[in-house]
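Proteins get letters first, then strands, A, B, ... in listed order; numbering begins at 1 in each.
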Amino acid sequence: MLDLRLIREKPEWVKERLKTRGGQYPIDKVLQLDERRRALLQEVEVLRHERKEKSEEIGRLKKAGEISLAQTIAEQVRNIGDRLKILEEELKAVEKELFENLAAIPNIPHESVPYGESDKDNVVIKKFGDPPSFSFQPRPHWELGEILGIFDFERAAKITGSRFTIYYREGALLERALINFMLDLHIKKHRYTEVLPPFIVNEASMFGTGQLPKFKEELFKLEDWDYYLIPTAEVPVTNLHRDEILPEEILPLYYTAYTPCFRAEAGAHGKDIKGIVRQHQFNKVELVKFVTPETSYEELESLLLDAEEVLQLLELPYRVVVLCTGDLGFAAAKTYDIEVWSPGQNRYIEISSCSNFEDYQARRANIRYRPKGGGKPRFVHTLNGSGLAVGRTLMALLENYQQEDGSVIIPKVLHPYTGGLTKIEPKKS
RNA sequence: GGAGGAGUGCCCGAGUGGUCGAAGGGGGCCGACUCGAAAUCGGCUGAGGAGGUGUUAAGCCUCCUCCGGGGGUUCGAAUCCCUCCUCCUCCGCCA
């Protein structure tokens, strides 16, 4: 949520900055409702004050035994009450509409974000490693999965439906190894605090991070409950501190969480239908930070490096792009995507998204901190990034470490997590 | 799932229709005492919003809202009624 005061004071600047995202946002509507709200509020407050004073007067008169005078005044106050009721209802309606419109406005892109209309305008800012060269035609991971006997899409479709996968043996082991490897790296080396949150959250949490109300069609909702399956650990972890005032001394807070993620993938028909790239359920290790406003852009850079290190240690080639204004997510002010190289599909595929939300989520979720030495609470800045999407990491690992016979070498850093397994051999059958 | 009990400020805790944004205590901050500290004494110490003053600052002033959430009764609600949520105790069930 944007600061209403900012919109009130610099409407033209806000409009101009939001124009870079493309799309239409109800700034004028907000301004108009804000004005109406304040006019009504003043009227209401005058009446409330009058009612309060007269009610107190009645109390005094009754105590003094002036019953009939008290009744006369009570009659007057009833009239005030009737008028108030009408005005308060109108005020409430205006506030609701104002809130809804304000909540529909996305975050303002940071000034360092390049202008652009779509993902084609994103800018590559760094590359790590070179795509490996193969003496044979590298296979996509779903073919390797077949050879190795570690994926089962058919039975997953039977049990649930499309876009679900079953992992067997080394596939399941490797997924588990990757989760533990990533968590250990972030916990021990990068000093994040491990969290294992609920995978189902309520509506207020979804609102806090910006998934609701606008992106409902991308979520799985539990029938007859106002509960949703999380699309990312960002939701429960950022909402850890919803409606809290944190002492500045404990900032910055770093959290890492492994969770499954559930996404409806509405509007993705026909996209990435093969393999494990786009699933309704996938595993992810997430990084979340709560920081002071002054440090949030440095924190974004270090968050990105923390995520990148996973790929560096796995020796998987990747590049980092900065999302342009037109491709930026709703709540983000700036986002870096990490894209890993897929030899089997001959393209870079997004494996992490690291964003600074500034105070946009903090305002929606009411997450503040008390400055050192006291003073008014201020909104924190929140950040998060994948560290990393586990399924896609497994995909990259299979494709980049594949051998001609379909076997796959397991990189050294994972050996402590695979019980000594160093290579996956083709299934004998 | 059934039966009871409870939710008040940073924490504990009083308040059951009128001047209560809320006694008292703890904690924290400031000051006095002290070479310094402890103890003691004094003062200050919730959040949000609207308006005024001020350089669209700090500060100051006036007012409104908030005693788990929402709704209602009343001239007036922390206090009465309804409803939802959360926590605790007992029973049942269960991994």
Establish, from distance only, whether the side-chain atoms of [X] and [Y] form a donor-acceptor pair under 3.5 Å.
| X | Y | result |
| --- | --- | --- |
| H186(A) | T256(A) | no |
| T382(A) | Q361(A) | yes |
| E358(A) | Y297(A) | yes |

Within the pair [X] and [N], is there a side-chain N or O less than 4.0 Å away from OP1 or OP2?
| X | N | result |
| --- | --- | --- |
| H49(A) | C63(B) | no |
| R370(A) | A47(B) | yes |
| R60(A) | G18(B) | no |
| R48(A) | G49(B) | no |
| R37(A) | A50(B) | yes |
| K63(A) | G76(B) | no |

Nucleotide [N], atom [atom2] - distance to [atom1] of [X] in whole Å:
| X | N | atom1 | atom2 | result |
| --- | --- | --- | --- | --- |
| L33(A) | G49(B) | CG | P | 18 Å |
| K376(A) | C60(B) | NZ | P | 11 Å |
| L246(A) | A47(B) | CG | C1' | 15 Å |
| E95(A) | U65(B) | CD | C1' | 10 Å |
| L91(A) | G48(B) | CG | P | 19 Å |
| N366(A) | G49(B) | CG | C1' | 14 Å |
| R51(A) | A77(B) | CZ | C1' | 11 Å |
| D243(A) | U86(B) | CG | P | 16 Å |

Spacing of the [atom1] atoms in [M] and [N] (rounded, Å):
| N | M | atom1 | answer |
| --- | --- | --- | --- |
| C29(B) | G46(B) | C1' | 15 Å |
| G71(B) | C66(B) | P | 11 Å |
| C44(B) | G9(B) | C1' | 15 Å |
| G25(B) | G92(B) | C1' | 42 Å |
| G24(B) | C63(B) | P | 23 Å |
| A6(B) | U19(B) | P | 25 Å |
| U55(B) | A37(B) | C1' | 46 Å |
| G28(B) | C85(B) | C1' | 32 Å |

*State, yes or no, whether a side-chain contact exists between R8(A) and R38(A) at a heavy-atom distance under 4.5 Å.*
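They are in side-chain contact.
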*In terms of the angle between their ring planes, are Y192(A) and H190(A) parallel, tilted or perpendicular, with boundaries placed at 30° and 60°?*
perpendicular
*For G31(B), what is the paired nucleotide under Watson-Crick or G-U wobble rules, both distances under 3.5 Å?*
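Paired with C41(B).
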_Strand partner of G51(B), provided both Watson-Crick or wobble distances fall under 3.5 Å_ =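 Looking at the geometry, G51(B) pairs with C61(B).
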*asked:* What contact category does K52(A) fall into here, base, sugar-phosphate, or nothing, at under 4.0 angstrom with non-hydrogen atoms?
replied: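 If one applies the 4.0 Å heavy-atom cut-off, K52(A) turns out to touch the sugar-phosphate alone, with no base involved.
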*asked:* What's I58(A) touching, base or sugar-phosphate or nothing? Going by heavy atoms closer than 4.0 Å.
replied: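 Answer is base: heavy atoms of I58(A) come under 4.0 Å of a base.
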*Check salt bridge (Lys or Arg N to Asp or Glu O under 4.0 Å) between K412(A) and all other residues, then give those that pass, not counting sequence neighbours.*
none
*Any idea which of A47(B), G71(B), C75(B) is nearest the R368(A) side chain?*
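Side chain of R368(A) sits closest to A47(B).
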*Among G48(B), G49(B), G18(B), which is the nearest nucleotide to the side chain of L41(A)?*
G49(B)
*asked:* What I want to check is whether an N or O donor and acceptor connect the side chain of E45(A) with the base of G49(B) at under 3.5 Å.
replied: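 Indeed, a donor on one side and an acceptor on the other fall under 3.5 Å apart.
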*R176(A) NZ/CZ over Y417(A) ring centroid, <6.0 Å and within 45° of normal*: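 Judged by the rule, R176(A) and Y417(A) form no cation-pi pair.
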